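Whatever order the structure lists ligands and atoms in, that order sets their numbers, starting from 1. Here the structure is a predicted model, which means the values were calculated and not measured.
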Amino acid sequence: MAWFVRIREDVNSVLERDPAARSRLEVVLCYPGLWAVWIHRVSHRLWHGHLRLVARLLSQVGRFFTGVDIHPGALLGRRLFIDHATGVVIGETAIVGSDVTLYQGVTLGGTGKGHGKRHPTVCDGVFIGNNANVLGNITVGENSRVGAGSVVLSDVPPNSTVVGVPAHIVYRNGLRVLITDPHEVKDPLSDVIIALSARVEALEERLGGEAQTAEPFTAEEAERTAYREQLDHMRQYVSMGEGI
Ligand SMILES: CC(C)(COP(=O)(O)OP(=O)(O)OC[C@H]1O[C@@H](n2cnc3c(N)ncnc32)[C@H](O)[C@@H]1OP(=O)(O)O)[C@@H](O)C(=O)NCCC(=O)NCCS
């Protein structure tokens, strides 16, 4: 009966997380992301029962029908919700916690460099937006969020939001995180940004400090605060994209 309980909680979790889902029957019939998870449970058992080729064949059948490619060796927690399904890839040594939400196009992949544990660990309650790539043996901490289209290459602390390519933290424990030191920019162009910033500082010094504002980024932060207040007024219309 345990499998029946698991299926029921899977269906209920979709109803809770997707406002577009109207009934249990609709969820069972119309959510290929759930089918993919159910097929994976069987292929994962076969994999650990040393029927590895059969397990891989079954996962390929699942991929054909759902568009989700989950390696049978991947370890998935409870109530994983893969919304819209298409194009999701989960690698062999990936570990996914419970109550995780993935949107279409998410890759939990390797960097192509590692051996052994070479895919990410995604902790409980994590949300990963569409077409985000989480690469390498890194950890995305509990209840963190990864923005759509981001490329995550290093550990994400719990309760954080990361966005961008490569991804940077924009919220941590509910507080906005602003990058004010160019050395914190992780980007192939960061050396150029650091050099430019040093040059601006040198020029400001030559101008005798007149051009310096009391606090760098004050104007930008004020603009962002005004924008967020405007968003808060419209909060009922703003979502994380659920149900689209
Ligand atoms: C990451 C996300 C959850 C953040 O939402 P939020 O907490 O409301 O964050 P904000 O909108 O305050 O954004 C914070 C900053 O990150 C930027 N940002 C947000 N999402 C981003 C993204 N995906 N890529 C790059 N930058 C992003 C914002 O522009 C903002 O920067 P700014 O303040 O300098 O202008 C959300 O933007 C997102 O990407 N959701 C995924 C939606 C999705 O996959 N939908 C699929 C539907 S089918």
Side-chain angles (χ1 to χ4, degrees), residues 13-22 26-27 30-34 36 66-68 80-90 96 99-108 120 122-135 138 140-182 184-190 193 215-244:
S13 79
V14 173
L15 280 170
E16 277 162 25
R17 278 181 258 176
D18 186 359
R22 281 169 192 80
E26 182 186 336
V27 171
C30 305
Y31 281 73
L34 270 191
T66 65
V68 177
L80 168 63
F81 176 30
I82 306 176
D83 202 0
H84 303 290
T86 310
V88 169
V89 176
I90 302 180
V96 177
D99 301 302
V100 168
T101 305
L102 309 179
Y103 272 96
Q104 71 274 16
V106 166
T107 298
L108 305 181
V122 175
C123 297
D124 296 350
V126 166
F127 166 95
I128 306 187
N130 64 286
N131 295 308
N133 295 298
V134 184
L135 304 178
I138 58 173
V140 182
E142 285 88 3
N143 302 315
S144 285
R145 298 186 302 164
V146 176
S150 303
V151 177
V152 186
L153 299 170
S154 51
D155 289 343
V156 176
N159 305 308
S160 307
T161 302
V162 294
V163 300
V165 182
H168 287 91
I169 300 178
V170 286
Y171 287 103
R172 194 165 179 179
N173 298 321
L175 297 175
R176 182 64 208 244
V177 176
L178 274 185
I179 295 178
T180 50
D181 179 352
E184 287 173 22
V185 178
K186 294 174 239 141
D187 189 280
L189 290 177
S190 54
I193 296 169
E215 274 291 328
F217 301 104
T218 310
E220 289 84 349
E221 189 46 18
E223 257 178 48
R224 285 191 179 115
T225 308
Y227 171 66
R228 265 179 238 121
E229 278 168 5
Q230 213 182 335
L231 272 186
D232 280 341
H233 285 300
M234 307 189 303
R235 202 36 95 179
Q236 68 261 43
Y237 305 113
V238 179
S239 75
M240 293 198 300
E242 309 96 322
I244 295 169

Ring geometry between F81 and Y31 (parallel below 30°, tilted from 30 to 60°, perpendicular above 60°)
tilted
Please confirm whether Y171 comes within less than 3.5 Å of ligand 1 when only nitrogen or oxygen atoms on both sides are compared.
yes
Quick one: does ligand 1 sit under 4.0 Å from the side chain of F127, the backbone, both or neither, non-hydrogen atoms only?
side chain
N or O contact, A148 vs ligand 1, cut-off under 3.5 Å
yes
Which is it for H84 and N130 under the side chain to side chain contact (heavy atoms under 4.5 Å, CB included) test, yes or no, and what are the steps along the way?
CA-CA 9 Å; H84 303 290; N130 64 286; over 6 Å; no
Value for CG (L102) from CG (L108), rounded to nearest 0.5 Å, stands at 6.0 Å
Atoms of ligand 1, numbered as shown, that sit under 4.0 Å from any heavy atom of G147:
1 (C), 23 (N), 39 (O)
Ligand 1 N/O within reach of Q104 N/O, cut-off under 3.5 Å:
no
Is there a side-chain contact between T161 and V170 (heavy atoms, below 4.5 Å)?
yes
For the atom pair OG1 (T107) and CD1 (I128), what is the distance rounded to the nearest 0.5 Å?
10.0 Å
From the options E223, R224, R228, select the one whose nearest heavy atom is closest to atom 32 (P) of ligand 1.
R224
Is H84 close to ligand 1, meaning an N/O of one under 3.5 Å from an N/O of the other?
no
What verdict does the side chain to side chain contact (heavy atoms under 4.5 Å, CB included) test give for R17 and D99, after you've listed the backbone C-alpha separation in whole Å, the side-chain angles of each residue and the deciding distance to 0.1 Å?
CA-CA 10 Å; R17 278 181 258 176; D99 301 302; 4.0 Å; yes
For ligand 1, does V163 get within less than 4.0 Å through its side chain, its backbone, both, or neither, judged by non-hydrogen atoms?
side chain
For Y103 and ligand 1, does the shortest N/O to N/O distance drop below 3.5 Å?
no
Does a side-chain heavy-atom distance below 4.5 Å link I169 with V156?
no
